[in-house]
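Since the structure comes first, as structure tokens, the remarks are kept for the end.
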Amino acid sequence: MEGVDYLADERKKAEFDVNEMKIVWAGSRHNFELSDRISKLVANDPGFSKEGRTMLPRKELFKNTLRKATYAWKRIIELRLSEEEAAKLRHFVDEPAFTDLHWGMFIPAIKGQGTDEQQKKWLPLAYKMQIIGCYAQTELGHGSNVQGLETTATFDPQTDEFVIHSPTLTSSKWWPGGLGKVSTHAVVYARLITNGKDYGINGFIVQLRSLEDHKPLPGVTVGDIGLKFGNGAYNTMDNGVLRFDHVRIPRDQMLMRVSQVTREGKYVQSDVPRQLLYGTMVYVRQTIVSDASNALSRAVCIATRYSAVRRQFGSQNGGQEIQVIDYKTQQNRLFPLLASAYAFRFVGEWLKWLYTDVTQRLQANDFSTLPEAHACTAGLKSLTTTATADGIEECRKLCGGHGYLCSSGLPELFAVYVPACTYEGDNTVLLLQVARFLMKTVSQLGSGKKPVGTIAYMGRIEHLMQCRSDVKQAKDWLKPSAVVEAFEARAARMSVACAQNLSKFDNPEEGFAELAADLAEAAVAHCQLIVVSKFIEKLQQDIPGEGVKQQLEVLCGIYYLFLLHKHQGDFLGTGYITSKQASLANDQLRALYSQLRPNAISLVDAFNYTDHFLDSILGRYDGNVYPKLYEAAWKDPLNQSDIADGFHEYIRPLLKQQLRTARL
Ligand SMILES: CC/C=C\C/C=C\C/C=C\C/C=C\CC/C=C/C(=O)SCCNC(=O)CCNC(=O)[C@H](O)C(C)(C)COP(=O)(O)OP(=O)(O)OC[C@H]1O[C@@H](n2cnc3c(N)ncnc32)[C@H](O)[C@@H]1OP(=O)(O)O
Ligand SMILES: Cc1cc2nc3c(=O)[nH]c(=O)nc-3n(C[C@H](O)[C@H](O)[C@H](O)COP(=O)(O)OP(=O)(O)OC[C@H]3O[C@@H](n4cnc5c(N)ncnc54)[C@H](O)[C@@H]3O)c2cc1C
């Protein structure tokens, strides 16, 4: 029945102020009001309808995305939206498009690596979308190993130009989003060669297509790389292939903040670190961490609402069956994901702060926090995207068979999200960057250099190597100090064990390669410590609203106790806890599930998602799942007629043949 709230009883059980939690989730009242207003604006505009998009063939799907992205731009101009509002609108339109890369990477690359003059020339064009850009770094043969890229940019002093060239098949640019069919320009990463010397990778602004008729310019071969995972999903994006045959660009299209080439062809290195060339990746990794909580919370919202609607077993005397959310196994799979969504939200907020801080420092020529910012963005990107992709898939399974239907919203969400484990740095490769940072930190411990920020705990290494947990009863695991020390001791001990093993190798690089799996695990332990610490720090803030802080405490407890349970081997193996203390942690975890249960629906309501954004029958706000599933089935093109296309060609002859055989 329309208008009935099937989850109303669940909502009545809430022990906290949902409206205040909405503000905590959004980060501030301003953010809440912004998201609320823009998400409703998008939901109520038929131009942004999602109807039938998973059914469209690729060409129509892509054209539909072009229409939506252009319509979004039209609305942004008509409504005179600010940059912040426009970004929110693109977010709620909820369809990967070339504009993500234009705003998310092309513009930031010019801002971060261009000189003031270059920014003045290119940014106004990009802001008005008079040019459309992408980020062309990865090649067919090289993605993770950026130093191994093969595209060349050779300076020609005769004409004051760079010649951009793809010398081999493997040097073809491969993957850049927005490149395949849309971008007029790209920031291309190529080996800078001048006076016969190779100075390594640098960024160059290269025009690819005519601004008149959109044809590829002479010397440019460009196209789409083909269908990707999932139906619909990321296929709205034109990930592209690009080759250059001696394409000439003016010298001043080399992005020159980090290094320059003079009119005479002399290479000049600025006094900023070369790693700033990788700055766009640091920026995007930070945004990906913030985005992880969006994707995970969305899946969790669907699975939680459906778990309250779905009933299986246990009816007595014709009464109702049990809601599947009441099974402890369901809670043990679902509630840690709900807690993770909140944990990633808060660590994302903190990472944004860290990124802003490092950016301000860089502007003042203070490069001291760059290695930590790189390690944090790389590590947290890896941790949160892995957990989110796995979490979305778990939510699909939590919804049983119906989760496998596209109308649950979960298959598409997974297919769109899962490449986040690969793009902006393969998650294992990124963990190994964190491990390098940790090994460097451990090796410098005796040098008098005091570890600060997220590795400050290493400064207490002597204590952390020998301390033991003092937990005696289950509720002791609720003490923040007991938890932080447990995660610090585990991370420190795993890093130190790796460093000790590394020291047994004559060649450190050989040792690093041999011990890579252990190093990646040490990196995970360090990153989990960051997430746990930031959640606990968040709870030390003043959090208004009846019962809000208490609910966050429950979620925080579930987050760290679930990790402790899952990684028990680390905590026991490093000798910080006993098996009895591990078992007490599990008892406490179960108790927290019971505390969370009555609040589960309201905790996902606090995400404030519209039904349009969720795009899921199972996750509907009103819980009216079955009639809507039934209705949706009849909309499938297969059900447009009772007799299937192909009946006369295939089924009928088959039946006839069987009839003949039966008569024989
Ligand atoms: C577009 C987004 C819009 C909105 C976002 C919102 C939500 C997100 C949703 C969707 C996202 C949409 C689309 C995604 C688009 C995807 C784009 C891409 O994938 S672009 C390509 C990204 N490529 C990579 O990430 C490649 C991964 N490889 C690397 O980063 C590096 O090469 C690697 C770190 C692996 C290098 O290793 P190595 O060869 O060992 O190091 P190198 O010699 O190069 O460096 C030595 C030195 O530098 C330090 N360092 C490395 N990287 C950085 C860095 N980024 N910043 C600072 N410092 C760095 C390294 O630690 C080492 O330091 P030391 O000498 O040891 O001190
Ligand atoms: C949807 C999508 C969008 C993308 N968008 C863009 C874009 O806009 N612009 C752009 O330039 N690029 C883009 N990319 C490319 C992306 O950045 C790369 O695919 C990514 O950096 C991984 O590199 P790779 O493909 O070379 O993986 P590989 O490095 O080949 O990884 C293959 C395997 O090898 C392992 N491996 C590699 N090196 C090591 C090592 N040192 N130690 C241990 N294991 C290792 C990895 O863990 C992985 O298991 C996109 C990719 C995808 C999937």
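Atoms within each ligand, like the ligands themselves, are counted from 1 in listed order.
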If we ignore angles and hydrogens, is there a donor and acceptor under 3.5 Å between the side chains of [X] and [Y]?
X	Y	result
D357	T369	no
D426	S144	no
E95	T236	no
E84	H30	yes
S82	E85	yes

Open item on the list: Evaluate Q253 against F162 for side chain to side chain contact (heavy atoms under 4.5 Å, CB included), listing each step before the verdict.
Closed with: CA-CA 9 Å; Q253 284 179 214; F162 281 101; over 6 Å; no
TODO: Write out the protein residues near ligand 1, meaning a non-hydrogen atom under 4.0 Å from one of its atoms, in order of chain and number.
DONE: D100, L101, G104, M105, Y135, Q137, T138, G143, S144, V146, Q147, Y234, Q275, Y278, M281, V282, V284, R285, T287, I288, D291, H374, Y423, E424, G425, V429, Q433, K440
Pairs of nitrogen or oxygen atoms, one from ligand 2 and one from the protein, closer than 3.5 Å: please tabulate them with distances.
unit_1	atom_1	unit_2	atom_2	d
ligand 2	8 (O)	G177	N	3.1
ligand 2	9 (N)	Y135	O	2.9
ligand 2	11 (O)	Y135	O	3.4
ligand 2	11 (O)	Q137	N	3.0
ligand 2	11 (O)	T138	N	2.8
ligand 2	11 (O)	T138	OG1	3.1
ligand 2	12 (N)	T138	OG1	2.7
ligand 2	23 (O)	S144	N	3.3
ligand 2	23 (O)	S144	OG	3.4
ligand 2	26 (O)	G143	N	3.1
ligand 2	26 (O)	S144	N	3.2
ligand 2	29 (O)	S144	OG	2.5
ligand 2	47 (O)	D426	OD1	3.3
ligand 2	47 (O)	D426	OD2	2.5

- [ ] Would you mind telling me which of N145, T151, T168 makes a side chain to side chain donor-acceptor pair (under 3.5 Å) with E139?
- [x] T151
Open item on the list: If you take the centroid of each ring, where Trp contributes its six-membered ring, are F512 and F505 closer together than 6.0 Å?
Closed with: no
TODO: Check step by step if ring pair (Phe, Tyr, Trp, His ring centres under 6.0 Å) holds for F229 and Y234.
DONE: CA-CA 7 Å; F229 184 92; Y234 213 76; over 10 Å; no
